[in-house]
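What follows is a set of notes on a single structure, which appears directly below.
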Amino acid sequence: MSKKIATREAYGEALQQLGRENPDVVALDADLAKSTKTFDFGKIFPERFFDMGVAEQNMLGTAAGLATAGKIPFCSSFAVFASGRAFEQVRNSVAYSALNVKIGASHAGITVGEDGGSHQSVEDIALMRVLPNMTVFVPADAVETAGAVRAAAAINGPVYIRLGRAGVPVLHGADFQFAPGKAVVLREGLDATIIATGIMVAAALEAADYLAVKGIKAGVLDIHTIKPLDIEAITKVARETGALVTAEEHSIIGGLGGAVAEALAENCPVPMKRVGIMDKFGVSGTPDELLEKYGLTPGSIAKAVEEVVTKKR
Amino acid sequence: MGEIELLKGKAKEIRKNIIKMLGEAGSGHPGGSLSAADIVTVLYYHELRLDPGRPDWPDRDRFVLSKGHAAPVLYAALAGRGFFPEAELMTLRKLDSRLQGHPDMRKVPGVEMSTGSLGQGLSAANGMALAGRLDKRNYRVYALLGDGELDEGMVWEAAMASAHYKLDNLTAFVDHNGLQIDGPITEVMSPEPVSDKWRAFGWHVLDIDGHDIKQIIDALDEAKTVKGKPTMIVAKTVKGKGVSFMENQVGWHGVAPKPGEVEKALAELDAD
Ligand SMILES: Cc1ncc(C[n+]2csc(CCOP(=O)(O)OP(=O)(O)O)c2C)c(N)n1
Ligand SMILES: [Mg+2]
């Protein structure tokens with residue numbers, strides 16, 4: 001786990017690759033191309049790149065129009081603005097008609113860091129997941145990101161890809177196959193399972209290592225696709241290990257934790273705890289300081305697992 | 001009969017269908033459908049390059065009804081052009097009908113963009129125009145906006161972008177009927193001076209009488225000669241045009257005529 005790559009970096013590269021393979025792929029940005037990493041796509045394919053200025057609503061609406069004419073537009077901005085400022089455009093111009101628009105939303109979560117709470121999206125998974133026709137990917141590393149971009153282009157319909165600013169460890173080998181909607185069992189468990197998404201997958205693996213030393217066998221299930229959710233895999237680990245902890249860099253309301261709780265309540269209720277942002281906005285700080293402050297660490301995941309294990313019948 | 005007379009006849013048929021379908025539906029928006037009837041008639045019976053048998057024809061011209069609440073005028077024109085049977089108009093707003101209260105591109109052949117949420121149509125039209133340029137297709141893109149709709153900030157984001165990207169394959173209209181829901185536009189939230197604003201945003205702007213068929217045709221012709229700029233046709237119109245008791249009445253924005261009112265309106269339109 002030595003090399004760290006931000007998922008937004010991997011997104012930028014995957015988009016270029018896609019652009020080379022498919023002339024219908026176009027990219028739009030809202031004056032953040034250097035941050036969202038669509039800039040190089042624009043350099044390589046200037047006629048297929050549209051900077052829309054600081055106007056996210058118009059970016060999504062324009063993408064909808066491009067999609068009606070057979071283009072595969074990838075729109076990028078910070079997650080706060082792509083999902084929030086343009087929410088109703090995503091709803092009515094894109095998702096309502098199931099148009100083939102992709103949203104590559106970078107700088108999601110608190111690891112945006114110093115820019116502070118105004119720029120740290122803790123609600124975007126909830127906003128995007130509630131929309132009919134929408135697929136939601138939250139890749140954990142560079143390899144999953146490349147897979148998610150490729151999968152998004154292959155899906156005929158709207159896709160939201162949640163990306164981060166900060167470097168994260170590469171978890172998968174080059175042979176990893178990204179299968180949309182399929183959870184990845186990273187570790188088999190006996191006593192409990194940690195269900196994690198995005199940057200919290202790496203933290204979940206660390207937590208499982210730590211718990212193993214203490215004699216608790218925790219599985220790790222990597223959910224790179226929040227929607228459609230792999231309910232089968234979640235129900236299976238719930239049944240087999242009898243206790244769950246979810247971990248996400250997002251509000252505990254409406255994101256992965258919310259989705260898993262909904263699925264569990266209907267299919268296989270077991271003791272569960274949600275590790276995530278406790279219904280709060282973010283603040284300025286370094287990404288590591290913020291992960292500590294908001295309890296998004298291997299330590300807090302391990303603690304939650306220990307608690308939830310004691311509740312098992 | 002000359003073309004203008006023919007188009008006048010078509011506009012009358014469209015107005016009558018608007019009244020009939022709204023009467024049958026029992027709800028919907030007559031005022032803004034009637035004010036746009038002459039513009040939409042000229043588009044569908046004179047201007048747009050369409051093949052009703054092939055609604056997905058890649059080289060077709062596109063029309064985006066950004067003021068989606070005027071769906072009846074669009075449905076009447078599409079049915080008139082044979083995109084779907086005219087009898088279906090009477091299913092407007094009913095359960096399981098393709099004719100949703102606001103246009104749904106996934107349901108109705110010929111509808112280019114799902115609209116209804118005001119402010120979004122011009123952006124979609126921009127996207128279509130950009131795609132046409134990328135694909136080196138010579139189709140043109142048209143859009144129709146309400147004057148109250150101009151209150152939406154997104155319209156001006158799109159206005160800036162159409163000019164920035166020099167979309168001379170795009171022609172838009174403002175249906176300048178002077179009314180929105182809560183009252184006259186100048187009292188609720190004035191977008192005036194409308195023409196100057198579009199000009200300042202870098203558009204070629206034409207001011208016309210939106211009920212004069214000849215002026216609509218001439219403006220569309222001029223738009224096609226303009227290079228490097230999109231054209232905005234600011235069409236002065238009368239909300240509820242053609243039905244005396246609806247004309248210029250803010251109350252007829254979103255209320256359907258009752259059976260007696262339907263009869264009266266149809267009689268008036270026939271007498272005209
Ligand atoms: C985003 C949005 N807000 C509010 C409405 C409700 N609404 C429907 S029509 C209308 C007034 C529109 O006025 P105008 O654009 O002048 O339409 P017209 O006079 O041509 O009917 C409003 C506020 C809507 N459809 N979309
Ligand atoms: Mg009006």
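Order of the sequence lines sets the chain letters (A, B, ...), proteins ahead of strands, with each chain counted from 1. Values below: every heavy atom of this structure, side chains too, minus hydrogens, waters and symmetry copies. Not measured: the values here are computed from a predicted model.
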Query raised in the report: Measuring from A/D24:CG to B/D135:CG, what's the distance to the nearest 0.5 Å?
Result: 7.0 Å
Report task. Write down the atom of A/N92, the atom of B/S117, and the distance for their closest heavy-atom approach. Result -> ND2-CB, 3.5 Å
Report task. Give a yes or no on this: more than 12 heavy atoms of other residues, nucleotides or ligands lie within 6.0 Å of atom CZ of A/R85. Result -> no
Query raised in the report: Atom NE2 in B/H164, atom CG in A/D51: separation rounded to 0.5 Å?
Result: 7.5 Å
Query - Heavy-atom side-chain proximity of B/M105 to A/T68 below 4.5 angstrom - result: yes
Report task. Could you tell me whether A/E266 atom CD has more than 12 heavy atoms of other residues or ligands within 6.0 Å of it? Result -> no
Requested in this report: Heavy atoms only: give me the nearest A/A64-B/M113 pair and the separation to one decimal.
Outcome: CB-CE, 3.9 Å
Report task. Side chain from CB out, backbone as N, CA, C, O: work out which of these in A/E56 comes under 4.5 Å of a heavy atom of chain B, or both, or neither. Result -> backbone
Query raised in the report: Using non-hydrogen atoms only, which part of A/L28 is less than 4.5 Å away from chain B: side chain, backbone, both, or neither?
Result: neither
Report task. Please indicate whether A/E232 has more than 12 foreign heavy atoms, meaning atoms of other residues, nucleotides or ligands, lying under 6.0 Å from its CD. Result -> no
**Report entry** Flag if over 12 foreign heavy atoms under 6.0 Å of NZ, B/K94
**Finding:** yes
**Report entry** Toward chain A, the part of B/A158 with a non-hydrogen atom under 4.5 Å
**Finding:** both
Query raised in the report: Just checking, any donor-acceptor pair under 3.5 angstrom between side chains of B/S123 and A/N58?
Result: yes
Query raised in the report: Would a 4.5 Å heavy-atom cut-off, applied to side chains only, mark B/L130 and A/K71 as touching?
Result: no
Requested in this report: Taking all non-hydrogen atoms of both residues into account, name the closest pair between A/A98 and B/R106 and its distance.
Outcome: O-NH2, 3.2 Å
Requested in this report: Please say whether more than 12 non-hydrogen atoms of neighbouring residues, nucleotides or ligands are located less than 6.0 Å from NZ in B/K224.
Outcome: yes
Query raised in the report: Who among B/P58, B/G116, B/S114 has the most heavy-atom pairs with chain A under 4.5 Å?
Result: B/S114
Report task. Classify the side-chain pair B/Q120/A/E88 by whether it contains a donor and acceptor separated by less than 3.5 Å. Result -> yes
Query - Engaged part of B/L134 at the chain A interface, taking heavy atoms whose separation is under 4.5 Å - result: side chain
Query raised in the report: For chain B, which of A/G53, A/G70, A/G61 has the most heavy-atom pairs under 4.5 Å?
Result: A/G61
Query raised in the report: When only pairs under 4.5 Å are counted, which of A/A69, A/P23, A/P73, A/A55 shares the most heavy-atom pairs with chain B?
Result: A/A55
Query - Contact check, side chains of A/M52 and B/Y165, non-hydrogen atoms, under 4.5 Å - result: yes
Report summary line: Closest non-hydrogen contact found for A/Q89 with B/M154 is NE2-SD, 3.2 Å
Requested in this report: Please identify each residue that fulfils side chain to side chain contact (heavy atoms under 4.5 Å, CB included) with B/A71, with sequence neighbours left out.
Outcome: B/Y75, B/P103
